[in-house]
2 protein chains.
Amino acid sequence: MHNPKIKEIEHLFMEFMPLYHKKLSPIFRENDDDEFRCHKNQKRAIMIIHRTKGIILSELGRYLDMRKGSLTSLIDALVENGLVERREDVHDRRKTLLYLTEAGEEYYRQMMERTSKTYQKLFSKLSEEEIEQCLQGLQHVVAALKKI
Amino acid sequence: MHNPKIKEIEHLFMEFMPLYHKKLSPIFRENDDDEFRCHKNQKRAIMIIHRTKGIILSELGRYLDMRKGSLTSLIDALVENGLVERREDVHDRRKTLLYLTEAGEEYYRQMMERTSKTYQKLFSKLSEEEIEQCLQGLQHVVAALKKI
DNA sequence: CTCAAACTGTCTGAAATCTAACTATTTAAA
DNA sequence: TTTAAATAGTTAGATTTCAGACAGTTTGAG
């Protein structure tokens with residue numbers, strides 16, 4: 001019942017997450033020339049809504065690891081700023097579908113432009129081989145997380 | 001200057017993080033039989049202090065992606081509950097070193113016991129080969145994050 | 001069909017986190 | 001040596017997130 005390799009995976013995640021926060025999370029704090037003054041979690045929400053258009057609030061909360069109650073006000077602010085819009089779900093009247101507005105998509109593009117520069121700068125410290133291994137490693141980890 | 005593989009890595013991280021939050025983060029929310037009623041970030045802090053004994057507040061903040069100002073009160077609560085202790089740094093009087101108390105280590109052990117059960121259950125859905133690939137993948141990603 | 005269980009989003013007051021100052025200490029350049 | 005810049009931790013007030021309760025809707029078992 002107890003698989004030692006899974007235990008190793010657990011340890012690696014505990015090593016991985018602090019490293020991610022230290023090296024990569026700060027990217028979402030960068031607030032220079034952010035006309036809407038979005039904070040970190042608003043930016044994370046925008047990135048997810050862009051990728052999964054029509055997502056509902058509850059599911060967004062799962063992806064962000066935030067409670068749906070917190071998201072009501074977070075999304076309210078984004079709607080007020082004209083970056084996000086709510087639409088009713090025709091097939092399930094409980095649900096509200098979330099989309100980026102055109103302004104939201106534009107904001108997303110600008111955000112990604114800055115993000116990419118930071119990624120390029122950071123990972124250029126690695127050799128081509130290390131980059132390749134990181135890339136393939138991430139693919140395997142993502143594939144695993146999708147299955148569990 | 002622009003490396004397309006780094007761009008792929010960036011995309012994979014953007015896919016990875018929401019998946020991690022959805023599948024693995026909830027583990028730290030489990031609050032059954034938690035006599036100290038530690039919330040998620042307190043648990044994350046305890047895990048990091050266990051791994052990096054004698055860490056200072058500012059560095060802990062980087063690993064948690066939290067501001068040092070927030071950590072003063074977070075650590076205060078853990079100290080009051082007898083799980084963490086502050087010690088002065090003899091060589092640099094600005095610094096305060098953080099350690100788990102014996103009760104803190106015991107709390108950590110109990111938390112890890114529950115965590116491990118959840119990891120075992122989740123990852124047992126994967127084949128041996130998929131587990132191996134996830135494991136090796138994580139090793140490469142961690143190695144990369146350490147270098148950048 | 002009926003009705004309980006599950007799920008949606010919102011609300012309210014409590015709790016946690018953030019921003020931005022501030023003091024103290026160390027580092028390093030002048 | 002002197003001094004400016006960088007870093008550590010704390011504090012106060014503003015902002016964000018939380019837990020828990022709520023009403024409306026859908027699902028599914030009997």
Side-chain angles (χ1 to χ4, degrees), chain A residues 21-22 25-32 34 36-46 48-49 52 54-81 83-99, chain B residues 21-22 25-32 34 36-46 48-49 52 54-81 83-99:
Chain A
H21 284 308
K22 178 167 183 177
S25 273
I27 295 176
F28 299 115
R29 304 266 192 181
E30 296 168 359
N31 251 332
D32 307 328
D34 181 340
F36 297 105
R37 304 205 176 285
C38 289
H39 56 244
K40 186 182 66 164
N41 287 338
Q42 287 174 328
K43 289 181 179 174
R44 291 169 62 216
I46 285 171
I48 292 173
I49 296 173
T52 63
I55 194 173
I56 64 173
L57 202 72
S58 298
E59 183 71 352
L60 178 62
R62 287 174 208 117
Y63 284 144
L64 289 171
D65 190 22
M66 286 176 64
R67 301 311 194 185
K68 56 183 181 177
S70 317
L71 287 177
T72 296
S73 51
L74 187 150
I75 295 296
D76 280 347
L78 292 177
V79 170
E80 274 184 46
N81 279 336
L83 298 174
V84 168
E85 63 179 347
R86 294 180 166 100
R87 299 187 199 158
E88 296 178 1
D89 185 332
V90 190
H91 305 99
D92 188 336
R93 288 193 293 170
R94 292 170 303 181
K95 297 181 179 173
T96 305
L97 311 181
L98 300 174
Y99 293 87
Chain B
H21 283 308
K22 179 168 182 177
S25 271
I27 295 175
F28 298 117
R29 303 267 192 180
E30 296 169 359
N31 250 333
D32 308 328
D34 181 339
F36 296 106
R37 306 206 173 285
C38 289
H39 57 244
K40 187 182 69 164
N41 287 339
Q42 287 174 328
K43 289 180 180 175
R44 290 169 62 215
I46 285 172
I48 292 172
I49 296 173
T52 64
I55 194 174
I56 63 172
L57 202 73
S58 298
E59 183 73 351
L60 178 61
R62 287 174 208 119
Y63 284 145
L64 289 171
D65 190 24
M66 286 176 62
R67 299 311 197 186
K68 56 184 182 176
S70 317
L71 287 177
T72 296
S73 51
L74 187 151
I75 295 296
D76 279 349
L78 293 177
V79 170
E80 273 184 47
N81 280 334
L83 298 175
V84 168
E85 63 178 347
R86 293 179 165 101
R87 299 188 200 158
E88 295 178 2
D89 185 331
V90 189
H91 305 98
D92 189 337
R93 287 193 297 169
R94 292 170 303 182
K95 298 180 180 174
T96 306
L97 311 180
L98 300 174
Y99 292 87

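All values below come from the heavy atoms of this structure, side chains included, with hydrogens, waters and symmetry mates left out. First the proteins, then the strands, lettered A, B, ... as listed; each starts at 1. Fair warning: this is a prediction, and the values are worked out from it, not measured in the lab.
Regarding contacts with the backbone of C:dT8, a side-chain N or O of A:Ser58 is found under 4.0 angstrom from either OP1 or OP2. Applying the 4.0 Å criterion to OP1 and OP2 of C:dA15, one finds that B:His39 has every side-chain N and O outside that range.
Within the 4.5 Å cutoff, side-chain heavy atoms of B:Gln42 are placed close to those of B:Leu78.
At a threshold of 4.0 angstrom between heavy atoms, the contacts of B:Arg86 are confined to the sugar-phosphate backbone, with no base atom among them. B:Thr72 comes within 4.0 angstrom of a nucleotide base, judged by non-hydrogen atoms across all strands. The residue B:Asp89 sits apart from the nucleic acid: no heavy atom pair falls under 4.0 Å. Within 4.0 Å (heavy atoms only), B:Leu71 reaches no atom of the nucleic acid at all. Residue contacts shown for A:Lys68 include a base, since a base heavy atom lies under 4.0 Å away. Using a 4.0 Å heavy-atom criterion, one finds that A:Arg93 contacts the sugar-phosphate atoms exclusively.
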Taking it one step at a time, do B:Asp76 and B:Arg86 satisfy salt bridge (charged side-chain N to carboxylate O under 4.0 Å, His left out)?
CA-CA 10 Å; B:Asp76 279 349; B:Arg86 293 179 165 101; 2.9 Å; yes
Practice task
Kindly indicate, with the supporting measurements, whether the criterion side chain to side chain donor-acceptor pair (under 3.5 Å) is fulfilled by B:Arg44 and A:His21.
Solution key: CA-CA 12 Å; B:Arg44 290 169 62 215; A:His21 284 308; 3.3 Å; yes
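Between A:Asp65 atom CG and D:dC18 atom P there is a gap of 8 Å when expressed in whole angstrom units. The interatomic distance linking A:Leu74 (CG) with D:dT16 (C1') rounds to 9 Å, in whole Å. Per the geometry, CZ belonging to A:Arg37 stands 13 Å off P belonging to D:dT15, to the nearest Å. The distance from atom CG of A:Leu97 to atom C1' of C:dT8 is 12 Å, rounded to the nearest whole Å. One atom, CG of B:Asn41, and another, P of D:dA19, lie 11 Å apart when rounded to the nearest Å. Residue A:Leu57 contributes atom CG, which lies 12 Å from atom P of D:dC18 at whole-angstrom precision. The nearest whole Å value for the distance from the CG atom in A:Asp92 to the C1' atom in D:dT26 is 6 Å. Distance, A:Phe28 CZ to C:dC18 C1': 18 Å, rounded to whole Å.
Of the two residues near DNA chain C, A:Thr96 and A:Lys40, the one whose nearest nucleotide lies more 5' is A:Thr96. Where A:Ser70 and A:His91 each meet DNA chain D at their nearest nucleotide, the meeting point lying more 5' is that of A:Ser70.
Considering all non-hydrogen atoms of both residues, B:Ala45 and B:Leu74 come closest at CB-CD2, 3.9 Å.
Going from atom CG of A:Leu97 over to atom CD of A:Glu85 covers 10.5 Å, rounded to the nearest 0.5 Å.
Comment: A:Lys22 does not engage B:Asp65 in a salt bridge, judged by the lack of any side-chain N to carboxylate O separation of less than 4.0 angstrom.
Out of C:dT8, C:dT17, D:dA8, the shortest distance to the side chain of A:Arg62 is found at C:dT8. Side-chain proximity of A:Met66 to C:dA16, D:dC18, C:dT19: nearest is D:dC18. When each of D:dG24, D:dA8, C:dG9 is scored by its nearest atom to the side-chain atoms of B:Arg94, the top-ranked nucleotide is D:dA8.
Not a single donor-acceptor pair, N or O on each side, falls under 3.5 Å between the base of C:dT17 and the side chain of B:Arg67.
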